[in-house]
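First comes the structure, then the notes that go with it.
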Amino acid sequence: VLTLTRVRAVHAASALLLVVVVALTLPDAGDATSPLAAYAFHEPGQPALLLVRAGVLLFALSVLRESPRLAALVAALFLGSLASRVVLYPFVIAAIGAVFVAKRPAGLAGDVALPLSLVLALALVGVERWKPVERMPDGKDPEAMVDYWQRKRNPFRARAWAITWANRERAGAGEGMLTLARLDWELGRRPQARMVLSAVIKRPIDDAVRAKAEAQLAAWSDVP
Amino acid sequence: VKPAERLLAIAGAVGLVALIHAHIDMLGDGFWYVATGRFLLETRSLPLDEPFSYAGVRGPWFANVPLSEVLFAWIDGRLGLRALMLFCALVYGAGLTLVWLEFARTTRARLVTFPLAAFAVFLERADLSVRGQTLANLALAVLFVCLFRLRDGRRVPLYVPVLLGAIWINVHPSVVLGLLIPLGMAAALRLGEPAGRPAIAPFVQFAGLVGVGSLANPYGPRLLGEIARFMGAESTTTIDLFRSPDFRSWDVLVALAIAMGLIAWSLRRASADTGPRVGTAEAALTLAMVLATCVSRRYVTVLCAFEVVVLGRLLAGVAWSERPVPPALAVAPAALCLALSGYALSRPRDPFQHMPVAAAAFVDQHGLADNVLNPLHWGGYLDYRWGPHRRVFIDGRTTQFENGVLSDHALLQAVGPGAREALDVYLVNTIVWERGSPLDQALAGDPAWQRVFEQGFSVVYTRKKPLPLRPHAPDFHRKMGRQEDRGMGYRASWDEPFPSSPLPVKLETTLRAGRRRQLTSRRRGSRRRRGCGRWPWPRRAPRPRSLSRARCRACAARR
């Protein structure tokens, strides 16, 4: 069916079987840092290497369309490079070597695949490097942590940091206590929110904070 | 068509459906689809806020697969979850059958490609569940059929891509494939041999019309943006299904090896004049599918389906496949396939087999205090059971939990440092968790918690001194108030205590009540035998006596 001779089919099948057997028996399958580990796209640098693999494979298969045995070897090494990262180097070397050995048919569309994939790989690396990542504050400043979790829309975590903030304010109650009251209210802990505001009003604090607390308490007075 | 060939086609179609049905499960996703669908049907509006979770991101939430959700809820409401599983198996099986029969035209080609179609199901066996993807697979099959019509220089009516896009976007976010694959095929054709190359414009036009059709959704163009966000979301890329497959598993390697063979064969066939056109374009597309598989395990099934397409077209150009087949060679595998299908379809499937049904019933029965902590894979079931009346910690709608809840869930699963503090942070009073898990072992020796229930694979803990907490956040109550006013059956006030009834609180609509009255007489016989189909107990599982009585009272009250 595959228009290969029987001998070529046996060679191709043997090469594939060899790669599968080697891949299945390799150790350290779960260790991502090992060179013997299987390919994983979501690890740093791996998307670019996948594009390199694809470009080299398409290029080699386009050139080797008249040499099925070499094509089978390259394809088997491609699969091997997915099963074990260290096989990437033999794969690239074998593909380039096979391209030089084989007779090149005229009018190759795959000639553009290799440079194209390399350009795309570099672009992807660039995009990955410049992707903005929001970092969590280090936890020394509870106010920053409350802001961070409020931006992430997690009132539970924000409330936990608001407690730390409020505890640091101690007797001089301020914005930390008011924030804690607001978050308690948001989480449905209405009596607790009112208790916090009452405590703020009773303490010897800045008039502006007291006024804010009283205004907030008055606004909540209509809600059961 | 000869009778033997017809029998082979029918047996193959039935076999694919039976194979899918044997592996399909509800899992968590199926349950939250139904729960969301119920919500949409009963409120007759899109959710204004996060409906099921107390810890998820508040604010507008996209029900991004509305048609699947509503359809699933409708089927569940009328026919039950087993019928829903069968429906999804039928639709997915129809998609695979379409690809198989459309591209493998001769009996020999069908005999060769059928194992590959079945292998696609086998590859997906661990992830196969009732979700929009099963419906999207049919859309993908239609897409392949349309694109290869264009490849062969034939026409596709303009309404087909528009309709395809309109349906696809409402059943699954994979509508993006409906835009990318035609454009990819156009690019691949441009890259390939000029001889026999079809016009590129129809492919671009097809993609554009799918895009136009995809605007027909409840959110309009905003849903496309949401899908783009979903695809790149950190929570999506951390799900096992969207990560690279295990390249050392034999089945993945076999699928990739077949792809390599097809790429090589397509490139060799590029200059051939007989049969349908296959060349560099097909090789490039197959390679693109291989790359997609390397990125995400989910695409290995798409790769396998595409292999059926390419192999079918390649075989059509081989003289061997055109030769007639002795009837026995077609009838024998067809009979075997039908026999195995009959066996597979007759096996009872329990949609609740992996779900903490008894634990959730216990929480209901005793009115245990909120907030309830649950593992991610049970969240969908708890959404289904409790609806918006009792909210869960986390479920399978992972983009809703990028606010740190996913990482906290992982922390609680592993009982890492800070896990016990996390229970206080989320004001958890009740825990429904896996029995024997690290968290179960940690809580067993914790004086602040007591184990109140233990059965099968689930366990329930409550805090000895509960933290004060109202059931739900006030902003949610306020927004839901509009729906309460419209008499959609929600409780008048969210300040009321939770019902301590052992029955799940059902949200009734006038429409459903009327429909139920119609069905009561029809189903009465089967209800007597099997009990109320609405009560999610496995048919043969042991049940507490008191709960059985309560269920029967409820059935009587409903009637």
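A quick note: this is a predicted structure, and the numbers were derived from the prediction, not measured. In the text below, chain A, chain B and the rest are named by the order of the sequence lines, each starting its count at 1.
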**Message:** Measuring only between side-chain heavy atoms, which start at C-beta, is F41(A) closer than 4.5 Å to S296(B)?
**Reply:** no

**Request:** Report the distance from atom CG of L467(B) to atom CD of Q192(A), rounding to the nearest 0.5 Å.
**Result:** 9.0 Å

**Message:** Is E402(B) in contact with chain A via its backbone, its side chain, both, or neither, using a 4.5 Å heavy-atom distance?
**Reply:** backbone

**Item:** R53(A) vs L291(B) side-chain heavy atoms within contact, under 4.5 Å
**Value:** no

**Prompt:** Has the side chain of R153(A) got a donor or acceptor atom that lies under 3.5 Å from a matching backbone atom of V57(B)?
**Reply:** no

**Asked** Is any side-chain heavy atom of F78(A) less than 4.5 Å from a side-chain heavy atom of V290(B)?
**Response** yes

**Message:** Can you tell me which of V405(B), L287(B), V252(B) forms the most heavy-atom pairs within a distance under 4.5 Å of chain A?
**Reply:** L287(B)

**Prompt:** Heavy-atom distance under 4.5 Å between the side chains of D408(B) and R157(A), does that happen here?
**Reply:** yes

**Prompt:** If you take all heavy atoms of A37(A) and R248(B), which pair is closest and at what distance?
**Reply:** C-NH2, 3.7 Å

**Asked** In Å, rounded to the nearest 0.5 Å, how long is the span from CG of L82(A) to CG of D246(B)?
**Response** 11.5 Å

**Prompt:** What class does the angle between the rings of Y426(B) and F156(A) fall in, given that below 30° is parallel, 30 to 60° is tilted and above 60° is perpendicular?
**Reply:** tilted

**Asked** Which pair of heavy atoms, one from R58(B) and one from E186(A), lies closest together, and at what distance?
**Response** NH1-O, 4.1 Å

**Fill in**
In this structure, OH of Y54(B) is separated from CG of L187(A) (nearest 0.5 Å) by 11.0 Å

**Asked** Is chain A contacted by the side chain of F242(B), its backbone, both, or neither, given a heavy-atom distance below 4.5 Å?
**Response** backbone

**Message:** For a 4.5 angstrom cut-off between non-hydrogen side-chain atoms, does S244(B) reach E43(A)?
**Reply:** no

**Item:** I163(A), part contacting chain B, at a heavy-atom distance under 4.5 Å
**Value:** neither

**Asked** Just wondering, more than 12 heavy atoms not from R229(B) lying within 6.0 Å of its CZ?
**Response** yes

**Prompt:** Does any heavy atom of chain A fall under 4.5 Å from the side chain of L256(B), the backbone, both, or neither of them?
**Reply:** both

**Prompt:** Which pairs pass salt bridge (Lys or Arg N to Asp or Glu O under 4.0 Å) with one or both residues in residues 279-296 of chain B, sequence neighbours excluded?
**Reply:** R151(B)-E282(B)

**Request:** Identify which part of R159(A) has an atom lying under 4.5 Å from any heavy atom of chain B, answering side chain, backbone, both or neither.
**Result:** side chain

**Main-chain N/O of G404(B) paired with N154(A) side-chain donor or acceptor, under 3.5 Å** = no

